[in-house]
Enquirer: 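Before we start, here is the structure in question, set down as structure tokens.
A quick note: this is a predicted structure, and the numbers were derived from the prediction, not measured.
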Amino acid sequence: MFTAQGPTLTELAVQALSSTRRGYDLLAPAFDRTPFRTPDAVLDPVRETLRTLGPFRAGLDVCCGTGAGVDVLRQVCTERVTGVDFSAGMLGVAARTAPPGPGPRVDWVQADARALPFDGVFDLAVSFGAFGHFLPKERPLLFAQVRAALRPGGRFAFPVLAPPGPDSWLYWALLGFDATMRVRNAVWRPRFVMYYRTFPLSGVLADLHRAGFSVESTPLTALGRRPDGAPRARLLIARREERPAPAATR
């Protein structure tokens, strides 16, 4: 895709007609050579912002893919970093390509983010580019699982890009993609869950608060500003509160 080393159109079609998990298993060897990998232009300012809040002892990358976010955590955590993903193919690539050198211990765990096998062991959790794989009704459970994996006071951080306006070609491209995926999932099984317009900031903030987080945001000024002066991206930083969180329903 867009490069000689990326997946071909035929390969992308096969992946798109697979389940979400199987699709990523197939895509994994070429994933880092596609536009789907979170770019360094986003990873770098997130890392620098987290450095001002840390250091942290243990970090978790939720839906880690091939490990780009794990590399961010390695630079802000001192003891342990864990990448969790449901795709064995993505985890295999992550383990093989992880840069060598000193730093915290790195573990790779295969698990569904809606059923994380951790209980209060991390100081920081991050996630990059994965929320489109969860339907809006699944967000409360996802956030509850991340909260349970954090120690009291632990932080859950992820970048949020400002949505394009209807005067942008990207607005219509994303709208068309989501419409196509809805039709695909209505007529084809297994489903491939990936949507770009199902993560509105107001709904996300409400779900985080209900899950037991307090939330702050900081502009990622390195990514520029919109014509109206608003930042193009923010880093949401959700802090696990001491109060018990309401039980999430599956």
Enquirer: Which residues pass the salt bridge (Lys or Arg N to Asp or Glu O under 4.0 Å) test with R74, sequence neighbours left out?
Expert: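 In terms of salt bridge (Lys or Arg N to Asp or Glu O under 4.0 Å), with neighbours along the sequence ignored, R74 is linked to D71.
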Enquirer: So does R151 get a backbone contact from the side chain of D123, meaning a donor-acceptor N/O pair under 3.5 Å?
Expert: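 No: the side chain of D123 does not pair with the backbone of R151.
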Enquirer: Is the shortest heavy-atom distance from the side chain of P104 to the side chain of E79 under 4.5 Å?
Expert: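 No, side chains not in contact.
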Enquirer: Please report the shortest heavy-atom distance between R210 and D207, naming the atom on each side.
Expert: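 Here R210 and D207 meet closest at NH2-OD1, 2.6 Å.
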Enquirer: State the CG-CZ distance between L116 and R147, to the nearest 0.5 angstrom.
Expert: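 Answer rounded to 0.5 Å: 14.0 Å.
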Enquirer: For the residue pair F143 and F199, categorise the inter-ring angle as parallel (less than 30°), tilted (30 to 60°) or perpendicular (more than 60°).
Expert: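 It falls in the perpendicular class, over 60°.
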Enquirer: Quick one, L43 and V46 - any side-chain contact, counting heavy atoms below 4.5 Å?
Expert: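 Result no, sub-4.5 Å side-chain heavy-atom pair not found.
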Enquirer: Could you state whether L73 and L53 fall into the same hydrophobic cluster, counting links through intermediate Ile, Leu, Val, Met, Phe, Trp or Tyr residues with side-chain heavy atoms under 4.5 angstrom apart?
Expert: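 Yes, L73 and L53 fall within the same hydrophobic cluster.
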Enquirer: For a side-chain contact (heavy atoms from CB on, under 4.5 Å) check, start with the C-alpha distance between Y195 and L135, then their side-chain angles and the critical distance, and finish with the verdict.
Expert: CA-CA 8 Å; Y195 300 105; L135 299 174; 3.8 Å; yes
Enquirer: Are M90 and V106 co-members of a hydrophobic cluster defined by side-chain heavy atoms under 4.5 Å apart?
Expert: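 Each belongs to a different hydrophobic cluster.
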Enquirer: Okay, side chain of T20, backbone of V193: is any donor-acceptor separation there less than 3.5 Å?
Expert: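 Side chain of T20 to backbone of V193, a donor-acceptor pair under 3.5 Å: yes, one is there.
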Enquirer: Taking atom CG of D85 and atom CZ of R21, what is their separation to the nearest 0.5 Å?
Expert: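 These two atoms lie 9.0 Å from each other.
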Enquirer: Under the side-chain contact (heavy atoms from CB on, under 4.5 Å) criterion, do V109 and C64 qualify, and how do the steps go?
Expert: CA-CA 10 Å; V109 176; C64 67; over 6 Å; no
Enquirer: For a quick test of reading the model, state the closest non-hydrogen atom pair linking A157 to L124 and the distance between them.
Expert: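 Taking A157 first and L124 second, the nearest heavy atoms are CB-CD1, 4.4 Å.
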Enquirer: Of the non-hydrogen atoms in G23 and S18, which two are nearest, and what is the gap between them?
Expert: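 Smallest interatomic distance, heavy atoms only, reads N-CB, 3.8 Å.
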Enquirer: Would Y196 and F177 count as a close aromatic pair, with their ring centres under 6.0 Å?
Expert: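 Distance test on ring centres: under 6.0 Å, yes.
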Enquirer: Quick check: is L205 connected to L235 through a chain of hydrophobic side chains (ILVMFWY, heavy atoms under 4.5 Å apart)?
Expert: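 Per the 4.5 Å side-chain linkage, L235 and L205 are not co-clustered.
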Enquirer: Please round to the nearest 0.5 Å and tell me the distance separating atom CG of L27 and atom OG of S87.
Expert: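 OG of S87 is found 9.0 Å from CG of L27.
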Enquirer: Is the charged tip of R114 near the ring of F134: under 6.0 Å from the six-membered ring centre and within 45° of its axis?
Expert: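 No.
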Enquirer: Is it true that, when you exclude E216 itself, more than 12 heavy atoms of the residues, nucleotides or ligands shown sit nearer than 6.0 Å to its CD?
Expert: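 Result for CD/E216: open.
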Enquirer: Apply the test side-chain contact (heavy atoms from CB on, under 4.5 Å) to residues L50 and V126: give CA-CA distance (whole Å), side-chain angles for both, the deciding distance (0.1 Å), then the verdict.
Expert: CA-CA 10 Å; L50 292 176; V126 298; 4.0 Å; yes
Enquirer: For a 4.5 angstrom cut-off between non-hydrogen side-chain atoms, does V204 reach V160?
Expert: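 Counting from C-beta outward, V204 and V160 never come under 4.5 Å.
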Enquirer: Any donor and acceptor pair, going by atom type alone, linking the side chain of D107 with main-chain N or O of T82 inside 3.5 Å?
Expert: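 Side chain of D107 to backbone of T82: no pair is present.
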Enquirer: Hey, any chance V72 and L236 share a hydrophobic cluster, counting ILVMFWY side chains that come within less than 4.5 Å of each other, even indirectly?
Expert: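 Result: no, two separate clusters.
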Enquirer: About how many Å separate OG of S19 and OH of Y24, when rounded to the nearest 0.5 Å?
Expert: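 It comes to 11.5 Å.
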Enquirer: If you count heavy atoms of other groups shown closer than 6.0 angstrom to CG of D228, is the number above 12?
Expert: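 It does: D228 CG has more than 12 such atoms within range.
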Enquirer: Walk me through it: do F122 and V62 pass the test side-chain contact (heavy atoms from CB on, under 4.5 Å)?
Expert: CA-CA 12 Å; F122 295 102; V62 181; over 6 Å; no
Enquirer: Can any side-chain N or O of R184 pair as donor or acceptor with the backbone N or O of A16 at less than 3.5 Å?
Expert: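 The answer is yes, because a donor-acceptor pair under 3.5 Å joins these two groups.
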Enquirer: Would you list the atom pairs, donor with acceptor, under 3.5 Å between side chains in residues 161-173 and any protein atom, with sequence neighbours excluded?
Expert:
unit_1, atom_1, unit_2, atom_2, d
S168, OG, L170, N, 3.1
W172, NE1, P166, O, 2.7

Enquirer: Does some side-chain heavy atom of V146 sit less than 4.5 Å from a side-chain heavy atom of L60?
Expert: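 A side-chain contact under 4.5 Å is absent here.
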Enquirer: Can you name the closest pair of heavy atoms from S127 and F158 and give their distance?
Expert: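 Heavy atoms only, the tightest pair is O-CB, 3.3 Å.
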Enquirer: Using 0.5 Å steps for rounding, measure from the CG atom of L17 to the CG atom of L26.
Expert: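 Result: 11.0 Å between the selected atoms.
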Enquirer: Give a yes or no on whether V42 and F36 share a hydrophobic cluster (residues Ile, Leu, Val, Met, Phe, Trp, Tyr; joining criterion: side-chain heavy atoms under 4.5 Å apart).
Expert: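 No: no chain of side-chain contacts under 4.5 Å links V42 to F36.
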Enquirer: For R197, does the CZ atom sit with more than 12 other heavy atoms under 6.0 Å from it, leaving out its own atoms?
Expert: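 Enclosed.
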Enquirer: Over all heavy atoms of both residues, which pair between P45 and D40 is shortest? Give the atoms and the distance, please.
Expert: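 What the structure gives for the nearest pair is CD-O, 4.1 Å.
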Enquirer: Ignoring hydrogens and angles, tell me if any N or O in the side chain of D61 forms a donor-acceptor pair with the backbone of V70 under 3.5 Å.
Expert: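 Pair found, side chain donor or acceptor close to backbone of V70.
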Enquirer: State yes or no: are the ring centers of H133 and F86 separated by less than 6.0 Å?
Expert: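 They do not qualify: ring centres at least 6.0 Å apart.
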Enquirer: How long is the straight-line distance from CZ of R240 back to CZ of R155, given to the nearest 0.5 Å?
Expert: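 That separation rounds to 14.0 Å.
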Enquirer: I'd like to check L201 versus R234 (side-chain heavy atoms, cut-off strictly below 4.5 Å). Are they in contact?
Expert: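 Of all side-chain heavy-atom pairs linking R234 with L201, none is under 4.5 Å.
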